[in-house]
Amino acid sequence: MLFGANGERLMLDKLNAYADLTWYALCGIVAAANAVLGWMLWSLRQTFVTRTELNTRICTVEEKQQSAAGALGSAVAELNVRVDRLEDALKALPTAADMREVLLAMEAIRGDIKEQSARMEGLVDEQSARLGGLGDVLNGVSRQVEMLFSHHIKEK
């Protein structure tokens, strides 16, 4: 069947049909590969960021960082002022040597106060004794005045 007018024509038709079938299959495979490749590119586009979107996001992040850095800078400056004030206040506080001197002065004052208290108690006792003696003298004088008064009033 390969040879002959009829056979040759049949063979050519079969080869043309086979070539058409192969061509269609090849077109189908290429179309399927293009569809898969298109789907992959679409998926990658959905997964990854474009360059313009990336630049936009970078600018946004940089602006946020600059505003945060400005706020942080002002907070640090305020904290520095507070620390400086605290250091100045700490410098004004007395040192351990100053406190030791104050304690020694207080002990000296305490001793002086005890000494003065003892003196005052002695003076109080002395004044009480004097007043007690004066009381006896006054009692004696009072008795004499009474006797004189009663003597002179009874005479008249």
Sequence neighbours excluded and cut-off under 3.5 Å, please list the side-chain donor-acceptor pairs for residues 53-65, or say none.
from	atom 1	to	atom 2	distance (Å)
N55	ND2	R51	O	3.4
T56	OG1	T52	O	2.8
T60	OG1	T56	O	2.9

N/O donor-acceptor pairs under 3.5 Å from side chains in residues 90-107, not counting sequence neighbours:
from	atom 1	to	atom 2	distance (Å)
T95	OG1	D98	N	3.3
T95	OG1	D98	OD2	3.3
D98	OD2	T95	N	3.2
E107	OE2	R110	NH1	2.7

Worksheet entry | side chain to side chain contact (heavy atoms under 4.5 Å, CB included) between L148 and Q144, intermediate numbers included | CA-CA 6 Å; L148 282 172; Q144 288 175 4; 5.6 Å; no
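Inter-residue side-chain proximity for R119 and Q116 is flagged as met; some heavy-atom pair is nearer than 4.5 Å.
To the nearest 0.5 Å, atom OH of residue Y24 and atom CD1 of residue I29 are 15.0 Å apart. Remark: S74 OG to L79 CG distance equals 11.0 Å, nearest 0.5 Å.
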